[in-house]
Amino acid sequence: QVQLVESGGGVVQPGGSLRLSCAASGSTFSMYAMGWFRQAPGKEREFVAVINRNGAGTNKGRFTISRENAKNTAYLQMNSLNPEDTAVYYCAAHYSSSFATYYTRAADYEYWGQGTQVIVSS
């Protein structure tokens with residue numbers, strides 16, 4: 001099993017940046033693909049990014065996912081934030097025999113953190 005703890009959320013003005021961290025413990029971090037999801041009030045949980053065991057991420061535009069296996073930590077760098085990015089952000093871990101597969105569905109992940117709130121507001 002792996003335990004996940006997110007941090008780095010908060011209130012930021014539109015156009016600002018945040019870096020979220022996801023600290024893992026309890027298992028061999030390098031064996032897991034790591035994902036970030038978010039859920040805004042009244043909406044379904046939404047995929048944000050995933051990084052595979054090779055360290056390659058599905059980075060799209062303003063958000064960049066990365067990992068440091070030596071620190072058992074995954075990150076989500078978020079730039080040019082806007083109010084539509086307001087949500088609770090969750091990290092998730094999937095124990096993967098594949099080094100290269102990207103897992104984009106919430107159902108793929110066995111372990112979840114408690115979430116960290118991001119509010120983008122002026």
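Model, not experiment: these values are computed from the prediction.
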Answer whether the closest heavy-atom distance between the side chains of [X] and [Y] falls below 4.5 Å.
X: Gln117; Y: Val11; result: no
X: Tyr75; Y: Glu68; result: yes
X: Leu20; Y: Met78; result: yes
X: Tyr103; Y: Tyr109; result: yes
X: Val88; Y: Thr116; result: no
X: Val118; Y: Leu18; result: yes
X: Cys22; Y: Trp36; result: yes

Problem set entry | Of all pairs that satisfy salt bridge (charged side-chain N to carboxylate O under 4.0 Å, His left out), the ones with a partner from residues 108-122, not counting sequence neighbours |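 Residue pairs with at least one partner in residues 108-122: Arg105-Asp108.
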Exercise. Which pairs, with at least one residue in residues 74-86 and sequence neighbours excluded, count as a salt bridge (charged side-chain N to carboxylate O under 4.0 Å, His left out)?
Worked result: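 Pairs touching residues 74-86 that pass the test: Arg38-Asp85, Arg62-Asp85.
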For this session: Please work out whether the ring planes of Phe37 and Trp112 are parallel, tilted or perpendicular, with thresholds of 30° and 60°.
Result: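 Tilted: the ring planes of Phe37 and Trp112 meet at 30° to 60°.
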Does one side chain, of [X] or [Y], offer a donor that lies under 3.5 Å from an acceptor on the other?
X: Gln39; Y: Tyr89; result: no
X: Asn79; Y: Ser17; result: yes
X: Ser96; Y: Tyr32; result: no

Exercise. Looking at Thr104 and Val50, what are the two nearest heavy atoms and their distance?
Worked result: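 Thr104 and Val50 have their closest heavy atoms at CG2-CG1, 4.4 Å.
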For this session: Kindly give the heavy-atom pair with the smallest separation between Ser122 and Pro14, and that separation in Å.
Result: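 Closest heavy-atom pair between Ser122 and Pro14: N-CD, 3.7 Å.
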Interatomic spacing from [atom1] in [X] to [atom2] in [Y] - rounded to 0.5 Å:
X: Asn69; Y: Met34; atom1: CG; atom2: CE; value: 10.0 Å
X: Gln3; Y: Ser27; atom1: CD; atom2: OG; value: 8.5 Å
X: Phe63; Y: Ser80; atom1: CZ; atom2: OG; value: 9.5 Å

Problem set entry | Cluster check Ile65, Met31: I/L/V/M/F/W/Y, side chain < 4.5 angstrom |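 Same cluster.
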For this session: Treat each ILVMFWY residue as a node, draw an edge where side-chain heavy atoms are under 4.5 Å apart, and state whether Tyr90 and Phe47 are in one component.
Result: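 Yes; tracing contacts between hydrophobic side chains, which count when under 4.5 Å, links both residues.
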Problem set entry | Partners passing side-chain contact (heavy atoms from CB on, under 4.5 Å) against Ala24 (at least two apart in sequence or in another chain) |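 Testing Ala24 for side-chain contact (heavy atoms from CB on, under 4.5 Å), a comparison that skips the adjacent residues, returns Val2, Leu4, Phe29.
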Exercise. Please walk me through it: do Arg67 and Thr73 pass side chain to side chain contact (heavy atoms under 4.5 Å, CB included)?
Worked result: CA-CA 6 Å; Arg67 66 189 297 162; Thr73 302; over 6 Å; no
For this session: Could you walk me through whether Val120 and Gln13 pass side chain to side chain contact (heavy atoms under 4.5 Å, CB included), step by step?
Result: CA-CA 5 Å; Val120 184; Gln13 292 189 340; over 6 Å; no
Does [X] reach the main-chain N or O of [Y] with its side chain, forming a donor-acceptor pair under 3.5 Å?
X: Thr101; Y: Ser98; answer: no
X: Asn54; Y: Ala56; answer: no
X: Arg53; Y: Ser30; answer: yes

